[in-house]
Each structure stands twice: as structure tokens, then as C-alpha cells.
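All residue numbers in this chain count up from 1 along the given sequence. Computation of the quantities below employed the complete heavy-atom set of this structure, encompassing side-chain atoms and omitting hydrogens, waters and symmetry-equivalent molecules.
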Amino acid sequence: MQTSRRQFLAGSLSVMGASLYAPSIFSTQWSPRLLTSRDAEVRALLARLTLDEKIGQMTQADQMYLESLDDLQKYHLGSLLNGGDSDPKTGNDFQSWRDMYDHYQARAVATDPRIPLIYGVDAVHGHNNVIGATVFPHNIGLGCTRNAELVEKAARITAKEIRATGINWAFAPCVTVPQDIRWGRTYEGFSESPDVVKTLGEAAVRGLQGAALDNPLSVVACAKHFAGDGGTVFGTGLQRGKGAEHFPLDQGDTRLSDADFRRIHLQGYITTVAAGVATVMPSYSSWNGVKCSANRVLLTEFLKGELGFQGFLISDYAAQKELPGNAKQQIETTINAGMDMVMVPDNYREFIALLKELVNERRAPMSRINDAVTRILRVKFAMGLMDPKRSQLADHGLRNTFGSPDHRAVARQAVRESLVVLKNDGTILPLAKNARLHVAGKCADDIGNQCGGWTVKWQGESGNVTTGTTILTAIRKAVGSDAQVTYSRDGSGAQGASVGIAVIGETPYAEMMGDRTDLNLAAEDVAAVDNLKRAGIPVVVVLVSGRPLVIDDVLPKAGAVVAAWLPGTEGDGVADVLFGAFKPTGKLSFTWPRGSSTSFNLEDPGYQPLFEFGYGLSY
Ligand code: BGC
Ligand code: BGC
């Protein structure tokens, strides 16, 4: 192991102090101690469980790999998830999701010991897998709002929409602190700055979990990916098989001293644990060559020891398979490092058999199993899952709140507060409502593009993937007359308009596939701007992207540039800023580099940004 306990803890004390103990302005009565308040019942239940039942509690299968419904009972599975592309068998609509949940949960509680499932989903910007959900801006945009109260509110709404489908656990918030924007998960982070991440991450936990976990509108939150997922060194990322795809940053190695690791990458865990986050997901990535899911210092000594984390650790998707050794050794390593529940996600029968062998051979101590199951049951008790009088099925009365106008109004607010005006020559913005506008670009009329990855599909998808308002539709609504607004994807035919609006940027991606070595605009995007320019009109560029892109060449051609990030379903928030119904307040949560410079952060040698961290104009 790379770090001795003493070394690691020694570096810590000075850095932690203030932030951990300073009372938050959102202080509720929630305290992590509440998690343990029913430990007497937990102990009593634990004492009744067989080894098989305990191991079952430590197992999470992806529902799409469930071999038979009977396995829920036969293997005493403690948890199910829907992975990014793991859809209900009947479709991705609300009804299918709710029926799916009820179907599994009803079975899980049908026989002794009647321990309901904790059921997880990647609701990372709203209940985003489900068609028709309110989809909020991805975290990179929320970071630009610097508005913790708003982030808490958005998370509260997300929790409610999740609960409407019955599900009770979100794999969110992601409190990564991305240091290299070429990483495909940059947008999942609130900011490159640990200060922004720790404040907004804490707010998101409060929103998801509410004042108490047993509130029927709360879900269990999960701080991820612990830790240093955003600090990997370029070139150390995942290599899949010989000659296969290589992702330069994702799941790579973060090479930092204890002090720097703590100062940058652990801050979001210090605040979310203090706010009572009930689960934490160790990262696929490594820290100084050791996979986080094998790192006892990090999982057990730091998180459970020093921070006093009382909840449980859920592994990342099949993360144990990336550890050295055979399947059995991999399980041995991660369990002994402190992993409590393993997201298997497919071969759960094998996992259960191997873990049982490890216990019987004393390679996985019974004390470790008991610790893991205590933590899992503790969370289940805190959620009210163990209360016999309470139905664990979905509350059908919540149907009408799902994707409701009220929820969308908050998402719209989040969009307008997340927009960052990077350039505004003269008074081109705000646009006059009586202007004749020509709108162009591949992201102008594409709800899939504006939602990005982790929307309906794991990697996201261009096109009409869910219900919402595209930016083009929002512009038309704002001016109140369709005749005034023309549109062509490539920007042709803009003659006669007084202003052109190019909505350009990225198409959806998520982990792995989103890693890019160069962040240049696509030729199609540059052409759309050029075509508008050719009509002799001023051009407003609206960028839809999961990170800053190379815009040096487009910048001089544009009269105004607005970074809209991945705003989600509520395009109206973009129109609010363009037409001045809302005076922009967004501030960059990431440095915007010059050209293709790879000096991204203040601390990088040669730092010379195009727009500095914190930059943002108003009217
Ligand atoms: C991702 C996690 C996600 C999990 C479950 C993993 O591949 O890294 O962020 O929560 O899958 O879908
Ligand atoms: C799943 C995701 C998961 C990813 C990890 C995908 O097939 O749908 O949930 O994060 O695999 O490799």
C-alpha cells in the first residue's frame, strides 16, 4: 500500500478543520448520527441472519441480468439497480419504470426475512433514465450558478420524481473535481474547484435525502466516485483489450501527494459525509497506482475511520473485475479493503458462491461481513424500509408530480442561472423581441443534444429522446411569432434576418466514450457560423457542451457567445437570457483554456486562459 496510516492522517488535520465544522447556512436537523439511531434493531436483525442472507444483502445485481425472479428470494439479494442502458422490459416510460420497481420489491418482501430492496439508479440530473422526467442541467452548469439553495431544490425535485417510480436510491451527487476537461465525465462535476464542489455537493445531498431518510419523498444519496476520479493523468486511462479502444483519462491513475489529494479530491467527501450522505461509491480509478476499490487506507481508515462515515460503500459497476488476480482474489481484495455492497452486476450467483467460500476459508473475516451488513441494514432502517406498517411499493399519488410544470419551472431557473455570457459586443444581447432571427446549428432543435449523456440512454443520444423544449422552440415562444424566426441546421438562407443564432457544440457522450484528445469545434459547427456570417448579420453563438471547447477561431466572428453547457429539457431558460427576461449571473465553474492549450487550471504551468475561472458577463 502506498501510504501508511500515520502519514496519511498526519497531512489531514490542518486542511480539514474549518470546512467540516462550520455550520452550513442550510443546516437542518439532519445529522449523520441519525443513521445509527436504530442500531439496536440492526443488531437484533443481524443476529438472526444466516451467512447466505448476509452475503445476499451485500450483493447488488443489475435487474437486466436477473436470471429469474425467484433469485431475489433464493439468493436474498439486498439490492438491484438499473445501469445506464438497463431498461424495464416494457420500455422507458414512467409506467414501465414504476411497474418494474413494484414487481421486484413485492417479490423481495414476500418471504422471510422480508428485507426490502434498496433500489439504485443513476439519477444524476433529474430522474434522467425515464422518458418524461424533468431533466436539469448537468452539474457543470449548476456549478456556474454557485447557488447552493437552487441545487438543493433541484435535488429535492429529483428525489420526488424518483420516488414517483418507487425507486429509493440515486447514484448522485458526483462530487468529482475534474482537472482535465478532456475527460468525458467533466460535465458530471460541479467545478474544477474543490470549494465549489464541496458546497454544491453538500447541497445536493440535503436535497436528495431531505431532512430525514424515512421521509417518503427522500432518496438515499451516493457521493461518487471516491476518490480522485477527476485527477487522472492523461494517458493512464482505460485500455480495453489489446489494440482496442483506449480512453486517455477515464478510470486512470491520479498521481498526487496525500496533501494535494486531500486538498483537491477529498473535500467533497468531507462535506457530504458531514451532511449525512448514506452511501459512497469508490472510484474505478487509481490513486498512485492502487485502485480505489482495493485501497483500505482510503475506504476504511479515511472514510469510515477518520471521517466517521456510518453508511455503506457500494462498488462501481463490476469494478472488482478490474483488480488483479482471479475472480475470487478480486472479491477478497475489495471486501477486505472495506467495500460493503458489490455492484456485481451480472454474475451474482458466482459472486455469492465465491464470497461464501472466502468467509468459510477465513479469507474474508466474519467481522468484516458483519460490519458490511450492519451498515447496509442501518441505512435500510433509517429509510423506514423495515417498518412493517409501511408499504414499500411506489406511491401512485406521486404520478402527477413527475415532469410537472412546477418541477420544470425550477429546472428553467437552473438553466438561466447556469448560462455564462462570455462575450457581448456592444449591445447585441439581450436580443430585441421584434428582431428577425435566423437560428442554426445541430444543437438548436435537439433535445437529446441539450440533455447530453446519462439521459434515457447511458451515453445519451441525439434526437427527440424525451419531453421538453428545445432551444429553437424556446426562442420562438419568446418572440411570440413563428414567422419572425427561421431555421436551417447549416445556417444557410439567413438573408433578410437581422441576427443569426448558432447553437453548436457537442453531441451526447458519457464515461469512456466522452474522452477526447482535442476539443476543437466540429467542421459542421464552424460552417454554421460561417454561413450565418455570409448573410452579413451579427451572430450569437450558443454553445451546448459538456466542457469548454476550443473557440478561438469562432470568437472573433461572433458578436456574442453564451456557454449553455448541457441545459437539459428546459430550453426556455436559454431564451430567458438571450432576450433579457433574466440578466445573466452565471460564472465559469471551469477555466476556459486558450486554443488547444492543456494548461487547464490555475496551478498548471503555462496557465493562460481565454476566460478565467469565475468569468461571466451580465447586461
Ligand atoms: C459509473 C457510475 C454509475 C454506475 C451505475 C458506472 O459505470 O461509473 O457513475 O453510477 O456505472 O450505472
Ligand atoms: C451500463 C452502465 C455502466 C457501464 C459501465 C453499461 O453497460 O449500462 O450503467 O455504467 O456499463 O461499464
Side-chain angles (χ1 to χ4, degrees), residues 419 421-452 460-465 468-509 516 518-546 548-567 571-579:
L419 262 53
V421 177
L422 296 174
K423 178 179 179 181
N424 190 15
D425 269 355
T427 54
I428 181 162
L429 293 179
L431 297 168
K433 286 203 172 175
N434 58 8
R436 287 208 41 212
L437 303 171
H438 189 87
V439 180
K442 67 173 185 245
C443 298
D445 197 23
D446 194 309
I447 205 86
N449 286 357
Q450 75 191 46
C451 287
E461 207 169 61
S462 294
N464 200 9
V465 298
T469 307
T470 67
I471 294 170
L472 175 64
T473 302
I475 290 171
R476 289 198 162 126
K477 276 168 68 183
V479 301
S481 125
D482 283 4
Q484 245 174 268
V485 182
T486 48
Y487 164 76
S488 63
R489 181 174 166 127
D490 66 359
S492 60
Q495 289 74 12
S498 50
V499 179
I501 304 177
V503 191
I504 57 177
E506 292 187 307
T507 51
Y509 54 79
R516 280 177 69 179
D518 90 79
L519 297 172
N520 286 298
L521 285 172
E524 176 188 6
D525 290 338
V526 178
V529 174
D530 289 342
N531 286 338
L532 291 174
K533 283 302 286 179
R534 225 163 274 138
I537 50 176
V539 175
V540 176
V541 170
V542 176
L543 284 163
V544 170
S545 66
L549 299 174
V550 179
I551 55 167
D552 303 58
D553 293 342
V554 153
L555 197 56
K557 301 177 195 167
V561 179
V562 179
W565 313 111
L566 299 169
D572 289 323
V574 177
D576 289 341
V577 166
L578 293 179
F579 295 95

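- In this structure the side chain of I475 reaches within 4.5 angstrom of the side chain of V439, judged on heavy atoms.
- Among all heavy-atom pairs drawn from L431 and F579, the shortest one is O-CD2, 3.5 Å.
- Remark: the S462 side chain and the N449 side chain contain an N/O donor-acceptor pair separated by less than 3.5 Å.
- Atom SG in C451 sits 8.5 Å away from atom CG in L566 (nearest 0.5 Å).
- Evaluated for a salt bridge (Lys or Arg N to Asp or Glu O under 4.0 Å) with K557, the options D552, D530, D425, D525 yield exactly one hit, D530.
- Distance check: R489 CZ to D445 CG gives 10.0 Å after rounding to the nearest 0.5 Å.
- When all heavy atoms of I447 and V465 are compared, the closest pair comes out as CG2-N, 3.5 Å.
- Distance CG/L543 to CG/L521: 6.5 Å, rounded to 0.5 Å.
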Report all side-chain donor-acceptor pairs from residues 499-507 shorter than 3.5 Å, counting only partners two or more places apart or in another chain.
| unit_1 | atom_1 | unit_2 | atom_2 | d |
| --- | --- | --- | --- | --- |
| E506 | OE1 | Y509 | OH | 2.5 |
| E506 | OE1 | G546 | N | 2.9 |
| E506 | OE2 | R516 | NH1 | 2.8 |
| E506 | OE2 | R547 | NE | 3.0 |
| E506 | OE2 | R547 | NH2 | 3.3 |

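- Note: H438 NE2 to N531 CG = 8.5 Å, rounded to the nearest 0.5 Å.
- Nearest heavy atoms, Y487 versus A444: CE1-CB, 3.9 Å.
- Separation of atoms CG (L472) and CG (D446) is listed at 11.0 Å; rounding is to 0.5 Å.
- Two residues are said to be in side-chain contact when any heavy atoms from C-beta on lie closer than 4.5 Å; P508 and E461 fail this criterion.
- Here the closest non-hydrogen pair linking G491 and A440 is CA-CB, 3.5 Å.
- Judged by distance alone, the side chain of K423 and the main-chain N or O of L555 form a donor-acceptor pair under 3.5 Å.
- Scanning all heavy atoms of the two residues, the minimum distance from A478 to A575 falls at CB-CB, 4.0 Å.
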| query | Under the side chain to side chain contact (heavy atoms under 4.5 Å, CB included) criterion, do E524 and D490 qualify, and how do the steps go? | reply | CA-CA 7 Å; E524 176 188 6; D490 66 359; over 6 Å; no
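- Listed for the N424 side chain is a donor-acceptor partner under 3.5 Å among the backbone atoms of L429.
- With hydrogens and angles disregarded, a donor-acceptor distance shorter than 3.5 Å links the side chain of S488 to the backbone of S492.
- Between V574 and L419, the shortest heavy-atom contact is CA-CD2, 3.7 Å.
- Put simply, the side chain of Q450 gets close to the backbone of T469: a donor and an acceptor are under 3.5 Å apart.
- Atoms CD and CG, from Q484 and D482 in turn, are 9.5 Å apart once rounded to the nearest 0.5 Å.
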Could you walk me through whether T473 and T470 satisfy the side chain to side chain contact (heavy atoms under 4.5 Å, CB included) test, starting with their C-alpha distance in whole Å, then the side-chain angles of each, then the deciding distance to 0.1 Å, before giving a yes or no? CA-CA 5 Å; T473 302; T470 67; 3.0 Å; yes
Practice problem: Go through the steps for V562 and V541 under the test side chain to side chain contact (heavy atoms under 4.5 Å, CB included), then give the verdict. | Solution: CA-CA 6 Å; V562 179; V541 170; over 6 Å; no
